[in-house]
Protein chains: 2
Amino acid sequence: MTIKDIAKLSGYGIGTVSRVINKQPGVSEKAREKILKIIEESNFEPNGNARKLKRCGGNTVTIIMKGRHNSFFMEILDRITLLLSELEEVVSCQIIDEDGDEVAEALKFVRDKTSKAIIFLGANLALFDERMNELDIPCVVATTSAKELAFDNVSSVCVDDETATMELVQYLTGYGHKDIVVMGGEISDKQISFSRYLGCKKGFEKSGLEFDPDKNYMACRYSYEAGYETTKRLLEKNIHVTAIVGLSDTIAVGAIRAIEDAGKKVPDDISVVGFDGTVISRFYTPRITSMGQDINSIAKRSVELLMKHIHYTLGCEHDYAPHNLIEGESVRRV
Amino acid sequence: MTIKDIAKLSGYGIGTVSRVINKQPGVSEKAREKILKIIEESNFEPNGNARKLKRCGGNTVTIIMKGRHNSFFMEILDRITLLLSELEEVVSCQIIDEDGDEVAEALKFVRDKTSKAIIFLGANLALFDERMNELDIPCVVATTSAKELAFDNVSSVCVDDETATMELVQYLTGYGHKDIVVMGGEISDKQISFSRYLGCKKGFEKSGLEFDPDKNYMACRYSYEAGYETTKRLLEKNIHVTAIVGLSDTIAVGAIRAIEDAGKKVPDDISVVGFDGTVISRFYTPRITSMGQDINSIAKRSVELLMKHIHYTLGCEHDYAPHNLIEGESVRRV
DNA sequence: CTGAAAGCGCTTACAG
DNA sequence: CTGAAAGCGCTTACAG
């Protein structure tokens, strides 16, 4: 069943049928009704590939999500997908490895002419290199700031990671903690982890504590397993620690599990805080105090910015979404 | 940059270029080399939409995942994606609501001619109705058995939910539990929850306990929140319960949280077991005893069956993947 | 308001 | 082994 069949069946030409399908003006009410009826009856759906070929590209909004075990991203993905489908956008999702190359992935979709816009859920800015010249469709990076990139088609939305992390550390020092170890991503100035690292440093310093990277910071992937292993290594060193900052809730969960396995209690022996404010932080035992990222804002603004790009081709914008500390039961005063 | 440009640049015709691109025989080594070199230099990528139009359909394997907060599905998705990309398949993922209509979603991809095959991650068989006539591409349903459907293009892989659930209940009764409440999905004979429900029943009966649906089974969505609320309601009833079976790890987590919030302890006051064997069950405090589904097997067999369909168009198969109990710290003897 | 025709960028018989 | 041509199913000026 093609547009040609519908034309024949309706007695009109394929041009008129096409106009009806695409809700274009310049068709008599009579023709529209008749054609619509026939389309309805025959269950006709235009061939997407032909349309995309003719239109020189698809109209799918592609979401590239980095990391498969990231419930924080999943929660954002959930919101974004919902918002986009309310706008009747066709959305497709690609999930790549935490260490994957999101730009290479995005390029595929551009070359393949299927996507009209891309949302990156997580990003390593180091990968946003000269290949971006080819990536000439609207993009939004969610949860990482793309401000310094200064590409005119790449907007971004994220929380102020530096400030949020600083506040998280200060929260602990406010409870009297001095021996704090922070566990977060590899420190590269092109990654989100770097802002958080700077935030840690500031948090320590503002609280009058010295920040020694070797002592106070441990690189750790954002997973339960990594949080567990890193904490285990820390505990084996047998140094005095009263609080651990996991720069994701997954790390915090792994940390708590490792502490318990070492025969200690959270928060009685060691306090633990997380980052992201994902659902598990509210359902873990003990509830985990976590720096919550405003998932709704991130999703909403990401979609808004993308739509702006798509419809008005304005310059790009870089927004902050709110963060706020969610208190749980995993911190005690020392 | 099109195939025409490559033809001009290389001095050959577009037919020859096309043959080179598609690795078809009947091209001289000389021509192949020259054309390949030019394609390389110009960074040319054939227009996917034109190819798909010509070939009467895309070659994407589409995965339709039901439910956005399902880390069990995410873990399977992870494996399947990996396996498919090792086979150099193009894969795309659609995430729909837990209560969404996966068949309607699949139909979109068929009508749109983008997918060559579909993997359903989770399914409500009630939706697999006469619309399936139109869904005439290879399909695999993962985690739900599609055996009774008897469509010749729909294979399936899942654990033996009935037996697994029975064993889970028996595990508890083996530890002396008699007052057991099971929390699982709505009981409809077209859903996975039904097999598990039957398994419960069997487990009770085989242990010499009466199974009263009103007393021993509570319908509950597969989420932390639902597990929490359902358990809260249960505890408020103030009936004697020594063990709760959550038919997903998320339900079990919610249950534990609710029990703790009621001032009781797991497993001291109430034992809790989960289902799925997801990562969180191993990192929760206490570690949750859970009926593990063999994620690797499910993923591997799903991909194998799909490939069989795609390449040999054999009849469909319905496979069981292994299940095995993972003991944690959430059960005590009574 | 409507239709005939060109053309999007490929693939694939067909003829050489 | 190679090229010219038809055609996949649409959209969109263009002419009427």
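Each chain gets a letter, A, B and so on, in the order the sequences are listed, and its residues count up from 1. For the numbers below, each heavy atom of this structure counts, side chains included, while hydrogens, waters and symmetry mates do not.
With the nearest nucleotide of DNA chain C identified for both B:Ala50 and A:Ala31, A:Ala31 has the one nearer the 5' end. Each of A:Gly26 and A:Ile14 was assigned the nucleotide of DNA chain C with the nearest heavy atom; the assignment lying further toward the 5' end belongs to A:Gly26. Of the two residues contacting DNA chain D, namely B:Cys56 and B:Gly15, the nearest-nucleotide position lying further toward the 5' end is that of B:Gly15.
The CZ atom of A:Arg55 sits 16 Å away from the C1' atom of D:dA13 (whole-angstrom rounding). Here the P atom of nucleotide C:dG9 and the CG atom of B:Asn22 are 17 Å apart, to the nearest Å. Between A:Asn49 atom CG and C:dC8 atom C1' there is a gap of 13 Å when expressed in whole angstrom units. To the nearest angstrom, P of C:dC8 lies 21 Å from CG of A:Asn59. Rounding to whole angstrom units, CD1 of residue A:Ile6 and C1' of C:dG3 are separated by 17 Å. Atom-to-atom, CD of B:Gln24 to C1' of C:dC14 comes out at 15 Å; the value is rounded to the nearest Å. Between the CZ atom of A:Arg19 and the C1' atom of D:dT11 there is a distance of 9 Å, given to the nearest Å. Straight-line distance from the CD1 atom of B:Ile35 to the P atom of D:dC1: 13 Å, rounded to whole Å.
Nearest nucleotide to the A:Ser28 side chain, out of D:dA6, C:dT2, D:dG3: C:dT2. Proximity note for B:Leu53 (side chain, C-beta onward) versus D:dC8, D:dA5, D:dT12: the nearest is D:dC8. Distance from the side chain of B:Lys54 is smallest to C:dT11 among C:dT11, D:dA13, D:dT11. The B:Arg51 side chain lies nearest to C:dC10 when the options are D:dC10, C:dC10, D:dC14. In this structure, of D:dC10, D:dT2, C:dT11, it is D:dT2 that holds the atom nearest to the side chain of B:Val27. For B:Tyr12, the side-chain atoms get nearest to D:dG3 when compared with the rest of D:dG3, D:dC10, C:dT11.
With hydrogens and angles left out, the side-chain atoms of A:Ser155 and A:His318 include no donor and acceptor closer than 3.5 Å. Side chains of A:Thr114 and A:Thr60: a donor-acceptor N/O pair is absent below 3.5 angstrom, by distance only. Side-chain atoms of B:Ser156 and B:Tyr320 form no donor-acceptor pair, as typed in the model, at a separation below 3.5 Å. With 3.5 Å as the limit, one finds a donor-acceptor pair spanning the side chains of A:Asn43 and B:Arg111.
Listed pair B:Thr16 / D:dT2 fails the phosphate criterion, with no side-chain N or O lying under 4.0 Å from OP1 or OP2. Between B:Ser18 and C:dC10 there is no side-chain polar atom (N or O) within less than 4.0 angstrom of OP1 or OP2.
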CA sep, side-chain torsions, deciding dist, call: A:Asn70, A:Met74, side-chain contact (heavy atoms from CB on, under 4.5 Å): CA-CA 6 Å; A:Asn70 191 321; A:Met74 278 306 284; over 6 Å; no

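Using Watson-Crick or G-U wobble geometry with both donor-acceptor distances under 3.5 Å, D:dA4 finds no partner in any strand shown. Applying the Watson-Crick and G-U wobble criteria (two distances, each under 3.5 Å), C:dA13 pairs with nothing in any strand.
In summary, the aromatic rings of B:Tyr222 and B:Phe73 are positioned with their centroids too far apart to meet the 6.0 Å limit.
If you check every strand for non-hydrogen atoms under 4.0 Å, B:Gly57 touches nothing.
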